[in-house]
Amino acid sequence: QMPGWDCAAAFEVIDPTSFKAAVTVKVEDDVSPMIVLGVATAWGIMEVPPKLKKCPDNFAPMHRDGCFKWIGATTGKGWRICDEDFVRARGFDNVKEIGPNPDSRFSVEVSGGRVTFSSGDAQIAVHQLKKRKYYPFVLICLPEVKVEVKVLRKRNCSALDL
């Protein structure tokens with residue numbers, strides 16, 4: 001069963017073809033946090049009317065070309081990821097363990113037409129993207145879950161022969 005959602009935000013970036021967003025999940029003892037991390041094709045804060053809390057049915061049409069991953073905590077401070085794109089998944093058949101992440105820090109990075117998802121310093125998924133503008137996206141599934149998001153600008157450097 002897919003979780004509902006409480007709030008979501010896609011963040012504006014200077015260069016929507018090259019950026020990195022770091023997300024730290026604030027883990028409470030009595031809450032098993034779940035988030036959806038990814039890249040959306042539009043930016044803004046999405047307020048959800050109570051009757052539309054079902055996810056991803058009301059979310060998918062807005063971001064058909066995006067790429068999103070469900071990430072959730074397990075007991076014992078481990079984490080897991082749904083290996084399918086969250087918008088296209090119809091269940092949690094492809095959930096895999098990604099191991100401990102003591103800092104509860106995840107990232108999504110867009111560069112060279114690809115999106116890379118990481119847990120701590122470990123890469124956990126890579127996908128090709130269509131040629132579009134993308135924005136880092138976080139969806140919070142439970143109101144008790146708190147996150148801190150930092151959007152980093154990636155600078156393109158070129159070699160200089162002297």
Side-chain angles (χ1 to χ4, degrees), residues 1-13 16 19-28 31-75 77-101 103-111 114-120 122-130 132-152:
Q1 166 123 7
M2 290 290 187
W5 58 317
D6 188 61
C7 65
F11 300 89
E12 185 176 20
V13 292
F19 60 84
K20 181 176 183 176
V23 177
T24 303
V25 180
K26 306 294 183 183
V27 179
E28 305 279 331
V31 177
S32 291
M34 295 183 288
I35 63 168
V36 174
L37 181 62
V39 291
T41 53
W43 64 273
I45 295 175
M46 294 151 212
E47 295 183 19
V48 188
K51 67 180 181 176
L52 293 178
K53 291 262 183 181
K54 188 176 178 201
C55 193
D57 295 341
N58 61 343
F59 170 76
M62 298 184 294
H63 302 290
R64 205 170 302 285
D65 290 334
C67 184
F68 309 92
K69 295 290 183 181
W70 174 88
I71 298 171
T74 63
T75 55
K77 303 208 184 221
W79 291 86
R80 55 194 171 161
I81 185 172
C82 183
D83 214 20
E84 291 182 74
D85 187 286
F86 179 73
V87 171
R88 291 155 189 85
R90 289 291 166 219
F92 286 104
D93 296 333
N94 292 316
V95 172
K96 67 178 184 180
E97 299 293 322
I98 55 176
N101 183 336
D103 298 325
S104 303
R105 182 177 47 88
F106 300 91
S107 65
V108 58
E109 182 174 353
V110 169
S111 183
R114 298 183 322 171
V115 59
T116 303
F117 296 87
S118 297
S119 172
Q123 183 175 296
I124 53 176
V126 178
H127 297 280
Q128 286 296 125
L129 294 171
K130 292 183 178 181
R132 294 198 58 167
K133 294 179 179 178
Y134 292 94
Y135 305 91
F137 175 89
V138 178
L139 180 146
I140 300 172
C141 299
L142 300 168
E144 300 84 13
V145 175
K146 310 282 187 264
V147 298
E148 176 185 32
V149 179
K150 293 181 181 179
V151 178
L152 310 167

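Residues take their numbers from the sequence shown, with the count starting at 1. Hydrogens, waters and symmetry mates play no part in the numbers below; they use all other heavy atoms, side chains included.
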Q. How many angstroms lie between atom OG1 of Thr41 and atom OH of Tyr134, to the nearest 0.5 angstrom?
A. 7.5 Å
Q) About how many Å separate NZ of Lys26 and OG of Ser104, when rounded to the nearest 0.5 Å? A) 9.0 Å
Q: Answer yes or no: is there a side-chain heavy-atom contact under 4.5 Å between Val126 and Val115?
A: no
Q. Residues in side-chain contact (heavy atoms from CB on, under 4.5 Å) with Ser119, at least two apart?
A. Ile98, Asn101, Phe106, Ile124
Q) What are the two closest non-hydrogen atoms of Trp79 and Pro33, and how far apart are they? A) CH2-CG, 3.8 Å
Q | Minimum-distance pair of heavy atoms, taken over all atoms of Ser118 and Gln123 | A | OG-CA, 3.8 Å
Q. Closest approach of Tyr135 and Phe11, non-hydrogen atoms and distance?
A. CB-O, 3.4 Å
Q: For residues Pro136 and Val149, determine if any side-chain heavy atom of one lies less than 4.5 Å from a side-chain heavy atom of the other.
A: no
Q: Would you give the length of the straight line joining atom CZ of Arg114 to atom SG of Cys67, rounded to the nearest 0.5 angstrom?
A: 12.5 Å
**Q.** His127 side chain reached by Lys69 side chain, heavy atoms, under 4.5 Å
**A.** yes
Q. Could you give the distance from CE (Met34) to CD1 (Ile140), rounded to the nearest 0.5 Å?
A. 11.5 Å
Q) Can you tell if the side chain of Val147 reaches within under 4.5 Å of the side chain of Ile35, non-hydrogen atoms only? A) yes
Q) Taking Trp70 as the fixed residue, which of Leu37, Leu139, Val36 is the one that meets the side-chain contact (heavy atoms from CB on, under 4.5 Å) rule? A) Val36
Q: Kindly compute the distance separating CD1 (Ile81) from CZ (Phe117), expressed to the nearest 0.5 Å.
A: 7.0 Å
